[in-house]
Every structure is written in C-alpha cells, then in structure tokens.
Amino acid sequence: MNEKNPMDLAIAEAEAAAARGEVPVGAVLVDGAGAVLARAGNRTEQLSDPTAHAEILAIREVSTSMGAPRLEGCDLYVTLEPCPMCATAISFARIRRLYFGAYDPKGGGVDHGPRVFEHTTCHHQPEIYGGLSETRCGALLKRFFQDRR
C-alpha cells in the first residue's frame, strides 16, 4: 500500500473503523497540493452520534483547524459513495473534488438516491470521480456485513 495515496489512506481508516465495530468507511481530506489535512473513519457507535460519518469528521477537523467553514481547493477521498447528509456537507464546505470508492445503491446521495448535487437548490457541486479502488472498498464492506450475519 502506498501511504501517500489518499485512497489507500482512506481504506486504512475504513479498516480501522471495522476493527472498532463501525461500518468500514474512511475519508481523507487533502489540500490542493495533495497534502493530507485530515483522516477519519466512521465513529457513529463510539460517539453515539448519527452524524459521526467519516466525511463529516474529516470536514469538521479541517474546518476547525483552518477556522473556516469553506474548504475551497480541498479534495475529499472516501471509500463509499457519500450519503445525502455527507453530500450536503460536502457542498456546504465547497469541497473542490470528491473521489469515492464503492457505489451505494441503497444509501448513496451522489449517483444514487436523491443525487444531492443535481438539485437546483445545491449551492456547490464538486467534481466527482466514483469507482476508485471500488473492488477493494466494496469487499471491505461486504466482509464486514457478512461477519455480522
């Protein structure tokens, strides 16, 4: 695994989330030069917080450290297609580019479900690149849920 590749780092965060008993989703937020600003994995169970998705945690960390609600010029890598809540947060944060791994036909909010960025009321649409490391990301999720059954 290339530790400098943001998607590999996001997958490592997803694996750590799974080890904690969380749904294995990881996110990495980088600046325009590709420097990692934040890494996060789901923590909804640990924090008893339904909004503690990997994407939200990474956005919160960078917004707090930068003292700015808008992260223009930043790119987000996430292992699963963001849900509607996370897609809306990505829009509000003005994320420049969204890269995601596995598609989520049941709970996604980008290419599936409400397709948040396609609404006329959406204030900002990032560039979107889906399917990065899709097989690895999807296998991690499948394995996690199979182990739960």
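For the single chain, residues carry numbers from 1 onward in sequence order.
Closest approach of Leu29 to Val62, counting heavy atoms only: CD2-CG2, 3.4 Å. Closest of all the heavy-atom pairs between Pro24 and Ala17 is CA-CB, 4.2 Å. Closest non-hydrogen pair, Gly107 versus Pro84, comes out as O-CD, 3.4 Å. Shown here for Met85 and Pro50, the closest heavy-atom pair between the two residues is CE-O, 3.9 Å.
Val28 and Ile56 sit in two unconnected hydrophobic clusters of ILVMFWY residues. Membership requires side-chain heavy atoms under 4.5 Å apart, directly or through other members.
From Arg94, atom CZ reaches atom SG of Cys74 across 13.5 Å, with rounding to the nearest 0.5 Å. The structure places SG of Cys86 at 7.0 Å from CD1 of Ile59, a figure rounded to the nearest 0.5 Å. The CG atom of Leu140 sits 12.5 Å away from atom OG1 of Thr135, with the distance rounded to the nearest 0.5 Å. A distance of 12.0 Å separates CZ in Arg20 from CD in Glu15, rounded to the nearest 0.5 Å. Atom SG of residue Cys122 and atom CZ of residue Phe92 lie 8.0 Å apart, to the nearest 0.5 angstrom. The CG atom of Leu47 lies 7.0 Å from the CG atom of Leu57; values are rounded to the nearest 0.5 Å.
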Mind running side-chain contact (heavy atoms from CB on, under 4.5 Å) on Ile90 and Phe117 for me, showing each step along the way? CA-CA 10 Å; Ile90 289 164; Phe117 301 126; 3.9 Å; yes
Should Leu141 and Phe145 be marked as a side-chain contact (heavy atoms from CB on, under 4.5 Å) after you check the CA-CA gap, both sets of side-chain angles, and the distance that decides it? CA-CA 6 Å; Leu141 287 156; Phe145 287 111; 4.2 Å; yes
side-chain contact (heavy atoms from CB on, under 4.5 Å) evaluation trace for Asp111 with Tyr103: CA-CA 8 Å; Asp111 279 349; Tyr103 289 86; 3.0 Å; yes
As a quick check of understanding, evaluate side-chain contact (heavy atoms from CB on, under 4.5 Å) for Tyr77 and Val30, giving each step before the final call. CA-CA 8 Å; Tyr77 292 77; Val30 301; 3.9 Å; yes
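Using a 4.5 Å heavy-atom cutoff, the side chains of Val110 and Leu98 are in contact. Counting heavy atoms from C-beta outward, Phe100 and Leu132 have side chains that stay 4.5 Å or more apart. In this structure, Ile11 and Met7 have side chains that are in contact, with non-hydrogen atoms separated by less than 4.5 Å. Arg136 places a side-chain heavy atom less than 4.5 Å from the side chain of Asp8.
Using a 3.5 Å distance cut-off with no hydrogens or angles, the side chains of Asp49 and Thr51 do pair a donor with an acceptor.
Although no hydrogens or angles enter the test, the distance criterion places no donor-acceptor pair under 3.5 Å between the side chain of Thr64 and the main chain of Glu61. Judged purely by atom type and a 3.5 angstrom limit, His119 uses its side chain to pair as donor or acceptor with the backbone of Pro114. A side-chain donor-acceptor contact under 3.5 Å links Asn42 to the backbone of Ala54. A distance-only check finds no donor-acceptor pair linking the side chain of Ser133 to the backbone of Gly101 [under 3.5 Å]. Between the side chain of Glu22 and the main chain of Glu45, a donor-acceptor pair closer than 3.5 Å is present. Of the possible polar contacts, none joining the Glu81 side chain to the Ala102 backbone as a donor-acceptor pair under 3.5 Å is found.
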Return a table of donor-acceptor pairs under 3.5 angstrom between the side chains of residues 123-130 and protein atoms on other chains or two or more places apart.
from   : atom 1 : to     : atom 2 : distance (Å)
His124 : NE2    : Ile95  : O      : 2.7
Glu127 : OE1    : Arg97  : NE     : 3.2
Glu127 : OE1    : Tyr129 : OH     : 2.5

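We find that Lys142 and Asp147 are not joined by a salt bridge, their nearest charged nitrogen and carboxylate oxygen being 4.0 Å or further apart.
Considering only residues two or more places apart in sequence or on other chains, Glu55 meets the salt bridge (Lys or Arg N to Asp or Glu O under 4.0 Å) condition with none of them.
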